[in-house]
K.L.:
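Here's a structure for you.
Positions are given from 1, in the same order as the sequence printed here. Numbering of ligands and ligand atoms starts at 1, following listing order.
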Amino acid sequence: MQPGVFISLEGGEGVGKSTQARLLVAAIEAAGRRVLLTREPGGSAGGEAIRALLMQGDVGRWSARAETLLFAAARADHVERVIRPALATGTVVICDRFIDSTRAYQGAQGMDDAAILALHAFGSEGLMPDRTLLLHLAGHTGMARAKARDGGIADRFGARDTDFHRAVAAQFERMAAADPDRFRSIEASGTPEAVHQRVLSAITDLLDRPGELAP
Ligand code: TMP
């Protein structure tokens, strides 16, 4: 059996992760591999129930510590019930956000990176993606796009200020620089198709026949 492959997509609000995830799924399916598209927070029944707690309500509904624990709990359920079983059957798993979102968003609220990783070690037995694609869009175009997409209704995270989103972006850039084996930074400007070609080039080595997905 082919080994499973775990790919996460990361980045700030509205950089086009979900569009790119869908295009990537279609390309991998067309190449004859079984694919699972999933997301965080969510992706399992328990994860989605926790997502509702996390996304609704006032910005200050949860303390940063409680919020970090809720993300870790949602992830633990998702990993055990959905991601690991899929990887065990050789599926390519594409996850729209994963552990690095906690490190960036909760890290930007002062949560210690080592503590977040320790929670991940316990909750999800430390599962890490084989490759993490960090979609990068300069400036704050991304937030504007997310707001337009949501019809102006921002969720608890979209509702935070520019400084917060700048801190999140800085956290992502730091993680990518510290772990070049796992991360690939993808320039997210241009047409969805142009970005898709960059995404394909960044994962093609992980699939069975290197080059089969190359543009
Ligand atoms: P999204 O579904 O639009 O990506 O929204 C999820 C929001 O939750 C987004 O603002 C990022 C935030 N988030 C965290 O703060 N920590 C996490 O661990 C994850 C997965 C998401």
Side-chain angles (χ1 to χ4, degrees), residues 6-22 24 37-44 46-79 82-83 93-113 115-124 126-129 132-137 140-172 174-175 186 188:
F6 184 22
I7 299 168
S8 62
L9 280 124
E10 298 280 8
E13 312 295 314
V15 289
K17 282 184 308 302
S18 307
T19 302
Q20 289 306 319
R22 281 194 299 274
L24 184 55
L37 173 59
T38 188
R39 70 164 181 183
E40 291 207 343
S44 62
E48 291 291 336
I50 297 172
R51 180 187 176 94
L53 293 174
L54 281 161
M55 303 306 284
Q56 292 161 16
D58 297 342
V59 169
R61 179 179 186 185
W62 302 108
S63 71
R65 282 171 195 279
E67 188 173 279
T68 303
L69 289 164
L70 285 169
F71 278 112
R75 183 162 303 122
D77 191 71
H78 185 208
V79 165
V82 174
I83 297 179
V93 176
I94 312 288
C95 196
D96 188 342
R97 297 195 182 280
F98 194 64
I99 179 66
D100 301 305
S101 277
T102 304
R103 301 174 70 199
Y105 283 79
Q106 282 62 56
Q109 294 169 73
M111 297 297 99
D112 177 55
D113 196 50
I116 292 170
L117 290 172
L119 282 178
H120 187 58
F122 173 71
S124 300
L127 179 70
M128 289 308 247
T132 296
L133 306 177
L134 175 59
L135 269 63
H136 174 83
L137 202 55
H140 298 286
T141 332
M143 273 183 73
R145 269 165 60 169
K147 282 197 178 136
R149 179 196 64 193
D150 299 342
I153 305 158
D155 58 34
R156 285 186 59 244
F157 296 91
R160 292 180 197 209
D161 65 15
T162 305
D163 283 351
F164 175 73
H165 290 282
R166 207 174 277 141
V168 167
Q171 295 282 98
F172 275 129
R174 249 195 303 279
M175 287 186 279
I186 310 275

K.L.:
Side chains of Arg103 and Leu117, heavy atoms from C-beta outward: is any pair under 4.5 Å?
P.N.:
yes
K.L.:
Drop me the distance from Ile116's CD1 to Asp100's CG, to the nearest 0.5 angstrom.
P.N.:
10.0 Å
K.L.:
For this output row, return yes or no: ring centroids of Phe98 and His78 closer than 6.0 angstrom.
P.N.:
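Between His78 and Phe98, which both carry aromatic rings, the centre distance is not below 6.0 Å.
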K.L.:
Counting only heavy atoms closer than 4.0 Å, does ligand 1 sit against the backbone of His78, its side chain, both, or neither?
P.N.:
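Under 4.0 Å from ligand 1, His78 contributes no heavy atoms.
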K.L.:
Return yes or no for this condition: an N or O of Glu40 is under 3.5 Å from an N or O of ligand 1.
P.N.:
no
K.L.:
Before signing off on this row, confirm whether Asp96 and ligand 1 have an N or O atom pair separated by under 3.5 Å.
P.N.:
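No, since none of the N or O atoms of Asp96 sits under 3.5 Å from an N or O of ligand 1.
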K.L.:
With heavy atoms of Arg75 as the reference, note each atom of ligand 1 found under 4.0 Å away.
P.N.:
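Listed by number with element, the hits are 18 (O), 20 (C).
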K.L.:
Decide yes or no for Arg61 and Leu53: does some side-chain heavy atom of the first lie under 4.5 Å from some side-chain heavy atom of the second?
P.N.:
yes
K.L.:
Give a yes/no verdict on whether any heavy atom in Arg103 is under 4.0 Å from an atom of ligand 1.
P.N.:
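Judged by the 4.0 Å heavy-atom criterion, Arg103 does not count as contacting ligand 1.
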K.L.:
Please examine the side chains of Arg22 and Thr19, heavy atoms only from C-beta on, and report whether any two atoms are closer than 4.5 Å.
P.N.:
yes
K.L.:
Are any of the N or O atoms of Glu13 closer than 3.5 Å to those of ligand 1?
P.N.:
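There is such a contact, yes.
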K.L.:
Contact between Phe71 and Tyr105 at the side-chain level, heavy atoms closer than 4.5 Å - yes or no?
P.N.:
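The answer is no; the side chains never approach within 4.5 Å.
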K.L.:
Under the salt bridge (charged side-chain N to carboxylate O under 4.0 Å, His left out) test, which residues partner Arg39, sequence neighbours left out?
P.N.:
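Counting only residues at least two positions away or on another chain, Arg39 forms a salt bridge (charged side-chain N to carboxylate O under 4.0 Å, His left out) with Glu48.
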K.L.:
Would you please determine whether Glu67 falls within less than 4.0 Å of ligand 1 on a heavy-atom basis?
P.N.:
no
K.L.:
Using a 4.0 Å heavy-atom cut-off, say whether Arg39 meets ligand 1 through its side chain, its backbone, both or neither.
P.N.:
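Looking at Arg39 and ligand 1, no heavy atom falls under 4.0 Å.
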K.L.:
Taking only heavy atoms of Arg51, which atoms of ligand 1 are found under 4.0 Å from at least one of them?
P.N.:
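Those of ligand 1 that fall under 4.0 Å from Arg51 are 2 (O).
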K.L.:
Any atoms of ligand 1 less than 4.0 Å from a non-hydrogen atom of Gln106? List them with their elements.
P.N.:
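Result: 14 (C), 15 (O), 16 (N), 17 (C), 18 (O).
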